Amino acid sequence: MVQIAADALGCQVKPGGLSGTPSHTAYHPRWYRERVSTYWWLWKWRYLKFVLRELSSVPVAYFVTLTLVQVHALSDGPQAYADFQRWMTHPVFLTLNAISFLFVLFHTVTWFNLAPRAIVVRLRGKRVPEFLIAGSNYAAWLVISAAVAWLILRS
Amino acid sequence: MAETIKLEVTRYAPERHQAPTSQSFEVPYRKDWVVLDALNYIKDNLDGSLSYRWSCRMGICGSCGMMVNGEPKLTCATFLSKYAPGPVRVEPLRYFPVVRDLIIEMTDFMAKLRSVKPWIIREEEKPLSEGEYLQTPEQLDTYKQFSMCINCMLCYAACPVYGLDPLFSGPAAIALAQRYNLDSRDQGAEERMGILSQHAGIWGCTFVGECTRVCPKHVDPAGAIQQYKLTAAKEWFKSLLMPWGAK
Amino acid sequence: MDISSHDVLIIGGGGAGLRAAIAVAEVNPRLNVAVISKVYPMRSHTVSAEGGAAAVIKTGDTLDDHAYDTISGGDWLCDQDAVEAFVQEAPEELLRLEHWGCPWSRDPDGHIAVRAFGGMKKERTWFAADKTGFHMLHTLFQTTLKYTAIARYDEWFVTKLLVDDNRVQGVVAIEIMSGKIQAITAKAVILCTGGCGRVFPFTTNANIKNGDGMALAYRAGAPLKDMEFVQYHPTGLPFTGILITEAARAEGGYMLNKDGYRYLQDYNLGTPQPKPVLRSMELGPRDRLCQAFVKEMEKGRTIKGPYGDVVHLDVRHLGEKLINTKLPFVRELCLKYQNIDPVKELIPVRPVVHYMMGGVSTNIHGATPLAGLYAAGEVACVSINGANRLGSNSLPELLVFGARAGRAAAEFASTQKESNGIILSQALDETKRVEAQFLEKTGGRERIATLREEMQKAMENGAGIYRTHSSLAEAAAKLRELQERFPSITLDDRSRTFNTELTAAVELGFMLDVGEAIVQSALHRTESRGAHQRTDYPKRDDEKFLAHTLIYRNADGSTHGDYLPVTITRWPPGERVYGQPAQAAQAKGG
């Protein structure tokens, strides 16, 4: 009946409702979608900080590689290791290592601060406060660093 | 005349404009006025064609999210006095298509919300005659925070990942999935994992953390996503180590 | 013109609408059901309900107790068969919501926790912290997503019910985003559009609560019932009307006048005790608390604020810890919207319009006298609320009667044939009317906001907490004047895309009709009962007015009234007593 009447009136019957998107009519030509600028991460310090944290993975990778090279040099004998140590005193490496060290520090601090977001520990039904989660990370960092320092410096 | 403050409001009518423009309005400056009160003043007294969504004016319906001086805000909970002496820039939520003036299009979110199955899934329903599912206050506490989402879309407007990849499920949808995953009454975590552990699900998130910062209800969607990443990684390891143990 | 069609169409996506949709889908999964709403469902005003939902679940409480509290609180204007059905079904409805995932607050052993609430003799109010309505709405909404049979028209605005052959057969609606106007036919229509608090200037109600459904039904020929009963909530924040939940008083908050005196003791509401006592003092019924405010104002004992007179709500003695655990939302609201910290400061409050007891007249199944039209929730008047609704009854009402209306509509729709073609020409006429009257309108001088403000002021002055014949007559005259000025409104917006000025204009038209129904109903009830207080007729008159007011709109726009007897089953009308006499009576009785 609806169909017949609709035909008579020149209407279009759509059974059963809608698809996900609203229909576009002559009155509704388009939505405006802003394109995200390539430099979106420069808009805000917080975005920049995020990108720096992501970038800090490169220095981390660099240090890992460096350590592997060091181990490799060690296994190649005293001469190779002495050569390695000599390269490391070169100003280029000194600068690179200093910058990388800053990045790794930055990485560590930001990551530890974010840790409580990801790690939820419950003791007797109560959530362990965030500062304790972050704090235990820092504590572990200090302890391990001290242990390493003791190992290296005791001789 | 009393003090005034200038509002710079985005205007866009698709029939007439190629791209949004900004229009300035002078509105009375009152200490107890929020940005939404100023918009209502404009609509009632200066220009009735200004379009924006609002309803409860008490931060619970989630309608009135907009960018205020570049930050996603519920305009009903953002005092003008915070921006004095002005001007206050009011724009539609970032990263969403703009329909008209300050109104964004959000059917994308509605589809994503449905896709993560935000309802209780159980193998077997307990009959009503047997009463409630017991749930201790501690069990309630594990998901309570994630159940506070009002779907205001501020987290999406703060998330550059969503801006760059519109396929990303996004903070609110994932937090709501996690809300059900953590509910002691729910048994649907496995069913949801398929959708959540896709690339456009949790792994799309790079942990910018802005969603949590702008959330007006302290839902902590970034936390929900990272916690779920841990769960998903654990499940993956488990299935790797004990393939026969999987159901 | 596009047309779509459904078996059951639900207007409004709040608590009642979503519950009804699920009921339809469960009764008959083959039925094609749709929810049409002018906002996304989770924006609906159910979201703002704070305090809780009453249902008998604990030992020591009985259905009869809940029924009696409801009936006596409603000043014996409730239909008792409806109340009995309501209290019976409320527990299972709330339990069902628990099974759907609603995060109800719990006792330490994991059972549902309940608390005390104004007007209830026993502790029976379920709550989800102080965001009960929010959690109920989101649970319902997320649960509906599971049902693929439920179609949704989000942000569609209904302008008219299509009636032919004395049967509602569909609606005309605007897709707000595109401005497209179209017909949606249906074998049954359920109104779940909520109340009309925005008819008044100070209200807890959201901007969307314009009495749309009441006006739609009224214009279609269905009667509105008991419209004179408008509930004020005694504790709203001035200017914003933000509600400070009754829970603040249930936890032990004090109401103080400018001298720091707990003034409620002067109004037959009991004597001050340090701990809250059910049905006494601050936990007396809402209407009595509001009336006490007006009397205090007349005595000059209220505090003058920038937005008029206020009294103080004091929760400071409860301490920060209790406020943070039991009333976190109250504190959040005060800090965020009034810049006041209730831990350290007094909260300025005043009575604000909160709830409509009246609405579209329905029977116990949610059916209106107009075939094919159903109603549930605040838009409807069954009536379980009588002359005054008890706090925490409205949320279970949404569920019980939303489900009932859904089931009844599904049954009706299953037996009906497709709607006939005549309504399509009606739909075309309506399309042309909306276009001519609003979209293509030129000229006019009156701003929508001006008319709206004048209407709100007229309603507050004429049909506020206390009414007289002359105040009501004045309001009626003012509303007639506004009706005459309404056609000469000026509209700035020419766009079809998300034209919120268009919807505001249609809403204003709705509100003027609803306001008129309220004033006319109040004029003719020459007695005082519950929320309807006539200073010229201060006594309750059971001889003449133990009856529901019905008001109809005639084709020419005039109105006529009628009365419908109240259904009394087991509780003959008695005196409403609160405070000490109530305690004494209870002690004697039990």
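Lettering of chains follows the sequences in order, A, B, ..., and the numbering in each one begins at 1. Just so it is clear, the structure is predicted and the values come from calculations on it, not from any experiment.
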Region of [X] in contact with chain B, defined by heavy-atom distances below 4.5 Å:
X: C:Ile112; answer: both
X: C:Ala504; answer: neither
X: C:Asn205; answer: neither
X: C:Arg494; answer: neither
X: C:Arg447; answer: side chain
X: C:Lys131; answer: side chain
X: C:Phe134; answer: side chain
X: C:Thr450; answer: neither
X: C:His99; answer: both

Selection residues 90-106 of chain C - residue pairs positive for salt bridge (charged side-chain N to carboxylate O under 4.0 Å, His left out), sequence neighbours left out:
B:Arg185-C:Glu98, C:Arg19-C:Glu93, C:Glu93-C:Arg96, C:Glu98-C:Arg106
So which of C:Leu95, C:Ile208, C:Val39 has the largest heavy-atom pair count under 4.5 angstrom toward chain B?
C:Leu95
Partner residues of B:Thr212 under the side-chain hydrogen bond (donor to acceptor under 3.5 Å, both in side chains) criterion, sequence neighbours left out:
B:Asp220
Quick check: does any side chain N or O of C:Ser495 sit under 3.5 Å from a backbone N or O of B:Ala13, one acting as donor and the other as acceptor?
no
Taking the side chain as C-beta and beyond, is there a heavy-atom pair between C:Met42 and B:Leu113 under 4.5 Å?
no
Just jot down the ring-ring contact (aromatic ring centres under 6.0 Å, His included) partners of B:Tyr228, sequence neighbours excluded, or say none.
none
Taking a cut-off of under 4.5 angstrom between non-hydrogen atoms, the residues of residues 72-85 of chain B near chain C are B:Cys76, B:Ala77, B:Phe79
Less than 4.5 Å to any heavy atom of chain C: does that hold for the side chain of B:Asn45, its backbone, both, or neither?
backbone
